[in-house]
Structure formats: structure tokens, C-alpha cells
Amino acid sequence: MREVRVRFAPSPTGPLHIGGVRTALYNYLFAKKHKGKFLLRIEDTDQTRFVPGAEDYIIESLKWIGIHFDEGVHIGGPFAPYRQSDRREIYHQYALQLLKNGTAYYAFDTPEELDRLRKDSETRKETFQYGPQTRLGLKNSLTMSETDVKAMLESGEHYVIRVKIPENETIVVQDLIRGEVSVDSNLLDDKVLFKSDGLPTYHLANVVDDYLMKISHVIRGEEWLPSAPLHVLLYRYLGWETEMPEFAHLPLLLKPEGNGKLSKRDGDRLGFPVFPLQWTDPKTGDISSGYRETGYLPEAFINMLALLGWNPGTEQEIFRMDQLIEAFSIERVGKSGSKFDPEKAKWFNHHYIKMLSVDHLALLLNKILTEKGIEVDMEFVKKVCSVTSERAVLIPDLWEHSSFFFQAPKVYDEKVVQKFWKPETPALLEKIGLLLREISDFSSENIDAVIKSFIFENSLGMGQVMNTLRLVLVGGSFGPGVASILSVLGKQESLQRIHKAANQFMQL
RNA sequence: GGUCCGUUCGUCUAACGGUUAGGACGCCAGGUUUUCAUCCUGGUAAUAGGGGUUCGAUUCCCCUACGGACUACCA
């Protein structure tokens, strides 16, 4: 078997969305699984759609999720350059080769002329096709004399080079996911291979580059399936049939609600990110949210994405990247499109946050604290994390569920006050305060024992006492266990909060 | 419209001719609990429809329906 070499080949027309990220991920997993190479090629042959910043965005996104390239625009490699606009001289010679062997031809029809032909067909409820049926009635080197063609070319007239699709042939594409896909050549059209601006179209460029870069497997989105027969034809015409890569067309990612391909606009409309990283549109300034900024861990993100369209055949659902590499196989990629489920994405993240070590969690929380201008001892941050981590679904929840540890409550939740505050409450609090003061080892176990025996001895309600304590410590009815809160807060701060509340309410 | 691809619980999916059609998310109920979560237990819910082939179809074939992609000098 030849060396596995696969590529991720996005065009820099904007941010990569999760469908594209998944394509990159599957390519990466496949490459690593087979000890092969993974490379990043930028397909920017359409300069009209170029978006500044998109290329860097793509690179940063893949770096964030832990995908490393062996070769690519950003790191070079033995087949450089890896940006198609830097390879423009290469493509022309192959177009000329096709011209020479009669599998391509010059065409001089203007865009306006073609537009009119399409519109005319449309009114007759037909589809205009520049192909075997029509090419002999159009302005090209098939219908014009050699001298006329020469004259046109020399006069600097705009031209394109189109592929000459054969008639009455069945073209077969072998697909690793779908099996055999065959198409009648009469239904294909004479696609433009080389544009009048001197750059190739995707069809020519991807075939030439995949061949030159010795790509062994083309793993890409299903939207390319209809043009795969053309690519097969091109390999044949170029004489590279024996070195043609194998194809695998991945099913699409669909919107969570209704149907249709997940698109860049869907995300914030439906309340979840579609992009790995936040993106600011350079033209409009519009901001689209990203998984990273929303508080997802990259490990959770790729785990979720990997299982969207692929499964290991076992009931295992949690995979680290190295486990994904080990378990991945293209045969276990499904054929049908997958609807993206934001709830499941959250579940994965929640799971991964729970798996994180206290040290790691503390680092994440400390970053948020620093942003808020709060500076505290790391040991304290760790303690906080150890009692709050399991209730955090997204990273920002680490703060949302623990802020009262760093800032004493300024106001008390009115509803909770009404429910639990009684005239005798201040006295009760002072009593508990006295008991707490006596505890030498301020551990949550000791605190718990002391409070419980106090409740028992005085025949008080557990809920009444605990909820009141909770109220004065955190300002509402949320957070971890009361004993844990007291222990983490420490004796001094706990007593202060209890006194403050007792005094404040005494005056009411 | 044409071509191609697809179709198992609401969602992601397993079952490569023989299973009480399995798991996960969600949802519901119960348990644990001082709140909210976590956690544990249980429940809910699917083979699009119709024909074949076969002793036997989720699984193989055909038709229909539905969905999607493609149909540019875009990728």
C-alpha cells in the first residue's frame, strides 16, 4: 500500500464552520491512523471571494482543537508552495497538455452570451448545458478554424479552456463510503478548467495538486460527489489514472431544526456557535460566536464532532484524540447526513469539565478572575473548584457558580428571604456563629457534624437552618453544600458574613 | 426541472438475513440531598410506504414518498 497522504483544502472565503472542522478532523484521524502525512493546502483560485484573515483563522482553529499538520502553507514542506495562488504557473501547462491531446478546447463565449443562453433555456423549462449536445454550436476551437483561433488568442481576446466531455460513456467513481457511483457522461458538462483571469478552477487545480502532492486519499464533503466523475476523467486525460487517489465523500452536517445543510448563518440564530473560534466579519464588523469563546474545551469539541457521522462500533463515547486515531476507520463513517445537536455538545463539555483535575480547573477559573481584576491565592481557587466543578457545563459557569466565594453577597435574594427569614433568625445565626467559632479543624465534615447535632439538640428543621445559612453566605439559594461553602470560605470570612446578615436584618 | 446521494426512537447511532431492534443525548418518574446540580434506578420512544427474493427481512432488489447535495469563468 502506498504512503497515506491526505489534505485539508479549504478556500479562504471566511471562517471555517464545524462541518469543515469535522472534514479536517476525519482527514487528520485517517492520516494518523495510517501513519501517514496530513497537509494543509489553501485553495484560493477565486480572488473575488478572498476574505482577509480567513487563512489565519483556519490555521488557528485547527491548532486550537489539536490538529497538527505535517506540511502546509504555514509550515512549508517538500511540495511547497501550498497556496494555489502561489502555484499559478503550474496549472497552465497541464491545461495546455489537455488542449494538445484533444481532451480540452478553447472557448470564447462571453459570460453575457452564456447568460442569455441559460435564460433562454430556462424559459423553455430546460437546463442549458455547455456539453456534447451544444458545444458544436458555440464559439470555441472546436467550431472555429485554426487560424481564427490563433488570431483570437493573439489579439488578447478573453478565453477559457473547457474540458471536452466524452459522449455515451459511463463514468464510475469508487467511493470508500458509498461504494460505486456511476454517471452517464452525456449528463456532464464541459466545465471550465482554466479561467480567463489566468487561474484554474477548482476542478483542474485540485486534480493537479493532488497528483503533484502525491495525495493518496481525497476525503471531502458530499457536495463534491457530483463533480467527482469529472475529476476521474481529468486523471484519465492527464495520464494519471494509476496514481489517482481514492475518494471518500463525507455526509453533510444538517441544521438541528428542520432540514438543510448547516450554514454559516444558522448558528447564532439558533443559539449555538457554528464556528470553532469567534469571528468578526472584516466588512460588516458582525461578530459570530465561537466554541472556544463560549467556553467549550477543545477535547470535548472534537469528541462531539468525531461522533457526528462516525461511530466506533462499540458503545464507547468518550475518546481522547489518541483514542480517536486508534479507533477511526473510514468504513464506519455513515452515509446519511447528521443533524447537529447542541444539547449533546453541552453534555460532552460537561463531562470533560468534570474529568478535569482541580489544578487544571483552577487555571481556567483563575483566568476569569484575572480578567475581572480579582487576585487571590491559587490554593483558594483550587478549593473553590473542588466544590463547584461538577455543576459547570461551560467554562464561564466556573465563575457563575462560585462568584460568592470571591465577593461577599451585597444583596439577598428577596424570595429566599421571605421564605426562610423569621424574627428569631438573627439570634439563631449568632448561636451557630458561636458554635462555628469553637471548631478548630474547620473541615466540612466537622462543620457538618456540629451543625447537625445543633439542629438535632434543638429540634430545629434541617431545611430551615441550612437554607438560612446558605442565604447569608451566598445571597441566594444556589451553590454547593453549606458545610463545603463554610469550609472553603474559612472561619473568619464565614463568621463575618453571618454577623453582617444578622445585624442587617435585625434592623428591619 | 435534470443528475447524484440518502432514509432505524425527537436527536446521534448499533444491529454486516434469525435480537424481547441495543446504547447515548433529551424528556418523564423515583431514589440520594439543606438549595441547584452531580450521582443511581426505572420509564418514554424507531426500522418512511408498497411490492418482491427468502423458511425468515432493519439488513438484498424494485417502485413510490420524503429529504439533501449539485446544476457558475465559486469552492
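Small disclaimer: the values here were computed from a predicted structure and weren't measured. In what follows, chains carry the letters A, B, and so on, assigned in the order in which the sequence lines appear, proteins first and then strands, with residues in each chain numbered from 1.
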Check your understanding: Within the distance-only criterion (no hydrogens, no angle test), does the side chain of A:Ser185 pair as donor or acceptor with the backbone N or O of A:Pro166 below 3.5 angstrom?
Key -> yes

Check your understanding: OP1 or OP2 of B:A75 less than 4.0 angstrom from a side-chain nitrogen or oxygen of A:Arg49, does that happen here?
Key -> no

Check your understanding: When you match A:Thr45 and A:Phe128 each to their closest nucleotide on RNA chain B, which lands nearer the 5' end?
Key -> A:Phe128

**Study point:** Pairing partner of B:A14 (Watson-Crick or G-U wobble, both distances under 3.5 Å)
**Key:** none

Review point. Is there any ring pair (Phe, Tyr, Trp, His ring centres under 6.0 Å) pair reaching into residues 448-468 of chain A, and which pairs are they, with sequence neighbours excluded?
Key: none

Practice item. Can you tell me the distance, in whole Å, between the CD atom of A:Glu43 and the P atom of B:C74? Key: 13 Å

Point to revise | Non-hydrogen atoms of A:Ala228 and A:His249 that approach each other most closely | key: CB-CE1, 3.8 Å

Check your understanding: So what does A:Pro480 hit on the nucleic acid, given a heavy-atom distance under 4.0 Å: a base, only sugar-phosphate, or nothing?
Key -> base

Practice item. Please state the C1' separation for the pair B:U71 and B:G52 - nearest whole angstrom. Key: 35 Å

**Study point:** Salt-bridge present (A:Arg124, A:Glu126; N to O < 4.0 Å)
**Key:** yes

Review point. Does B:G2 pair with anything, Watson-Crick or G-U wobble, both distances under 3.5 Å, and if so, with which nucleotide?
Key: B:C70

Check your understanding: Applying a 3.5 Å limit to both distances, which nucleotide forms a Watson-Crick or G-U wobble pair with B:C36?
Key -> none

Point to revise | A:Ile353 to A:Ile395 - nearest heavy-atom pair and separation | key: CD1-N, 3.8 Å

Review point. What integer number of Å spans the P atoms of B:C9 and B:U64?
Key: 23 Å

Exercise for review: Please determine, for the side chain of A:Arg118, which listed nucleotide (B:C74, B:C70, B:C73) has the closest atom?
Suggested key: B:C73

Exercise for review: Assign a letter to each nucleotide of nucleotides 3-13 of chain B from its 5' end: B, base within under 4.0 Å of a protein heavy atom; S, sugar-phosphate only; -, no contact.
Suggested key: SSSSS---SSS

Practice item. Quick one: label A:Val482 by what it contacts on the DNA or RNA (base, sugar-phosphate, nothing), any heavy atom closer than 4.0 Å. Key: base

Practice item. Please determine which of A:Tyr130, A:Tyr105, A:Tyr106 meets the side-chain hydrogen bond (donor to acceptor under 3.5 Å, both in side chains) test together with A:Asn140. Key: A:Tyr130

Review point. If we take the C1' atom in both B:U19 and B:U58, what is their distance in whole Å?
Key: 11 Å

Review point. Starting at the 5' end of RNA chain B and moving along, which residue's nearest nucleotide shows up first, A:Phe194 or A:Asp448?
Key: A:Asp448

Exercise for review: Scan A:Asp109 against the nucleic acid and name what it touches under 4.0 Å (heavy atoms): base, sugar-phosphate only, or nothing.
Suggested key: base

Exercise for review: Would you mind pulling out the nucleotide paired to B:U8, Watson-Crick or G-U wobble, both distances under 3.5 Å?
Suggested key: none

Study note, to complete from the structure: When rounded to whole Å, the CE to C1' distance for the pair A:Met466 and B:C36 reads 15 Å

Check your understanding: Using atom C1' of each nucleotide, how far apart are B:C27 and B:C70 to the nearest Å?
Key -> 38 Å

Exercise for review: Find the distance A:Gln316:CD to B:G23:C1' and express it as a whole number of Å.
Suggested key: 13 Å

Review point. Looking only at atom C1', what distance separates B:A14 and B:G42, rounded to whole Å?
Key: 22 Å

Review point. So which pairs with a foot in residues 6-17 of chain A pass side-chain hydrogen bond (donor to acceptor under 3.5 Å, both in side chains), sequence neighbours left out?
Key: A:Arg7-A:Asp210

Practice item. Please determine which of A:Tyr291, A:Tyr296, A:Phe272 meets the ring pair (Phe, Tyr, Trp, His ring centres under 6.0 Å) test together with A:Phe301. Key: A:Tyr291

Check your understanding: What does A:His350 touch in the nucleic acid at a heavy-atom separation under 4.0 angstrom: a base, only the sugar-phosphate, or nothing?
Key -> sugar-phosphate

Check your understanding: Under 4.0 angstrom, heavy atoms only, what part of the nucleic acid is A:Lys346 near: base, sugar-phosphate, or nothing?
Key -> nothing

Exercise for review: Quick one: look up who B:A29 pairs with, Watson-Crick or G-U, both distances under 3.5 Å, and put none if it's unpaired.
Suggested key: B:U41

Review point. Is any N or O donor-acceptor pair between the side chain of A:Thr127 and the base of B:G2 shorter than 3.5 Å?
Key: no

Study note, to complete from the structure: A:Lys415 atom NZ is separated from B:C36 atom C1', nearest whole Å, by 15 Å

Exercise for review: Indicate, with a heavy-atom threshold strictly under 4.0 Å, whether A:Ser11 touches base, sugar-phosphate, or nothing.
Suggested key: sugar-phosphate

Review point. Among the nucleotides B:U38, B:C25, B:C73, which one has an atom lying closest to any side-chain atom of A:Trp347?
Key: B:C25

Practice item. Classify the nucleic acid contact of A:Thr201 as base, sugar-phosphate or nothing, counting any heavy atom under 4.0 Å across all strands shown. Key: sugar-phosphate

Point to revise | Partner nucleotide of B:U19 by Watson-Crick or wobble geometry (both distances under 3.5 Å) | key: none

Practice item. Specify the separation, in whole Å, of atom CG of A:Leu460 and atom C1' of B:U34. Key: 13 Å

**Study point:** A:Met462 CE - B:U32 P separation (whole Å)
**Key:** 13 Å

Review point. Can you tell me how far C1' in B:A48 sits from the matching atom in B:C40, rounded to whole Å?
Key: 38 Å

Point to revise | Span that lies between the C1' atom of B:G23 and that of B:A65, in whole angstrom | key: 30 Å

Point to revise | Polar side-chain contact A:Arg470-B:U35 base: donor and acceptor under 3.5 Å | key: yes

Point to revise | Whole-Å gap separating C1' (B:U38) and NE2 (A:His351) | key: 13 Å

Practice item. Determine the Euclidean distance between corresponding C1' atoms of B:U32 and B:U11; express it in Å to zero decimal places. Key: 29 Å

Review point. Can we say A:Lys415 and A:Asp413 salt-bridge, meaning some charged N sits less than 4.0 Å from an Asp/Glu carboxylate O?
Key: no

Review point. Taking NZ, NE, NH1 and NH2 as the nitrogens, is one of them in A:Lys191 or A:Asp189 under 4.0 Å from a carboxylate oxygen of the other?
Key: yes

Check your understanding: Is there a Watson-Crick or G-U wobble partner for B:A48 with both distances under 3.5 Å, and which nucleotide is it?
Key -> B:U64

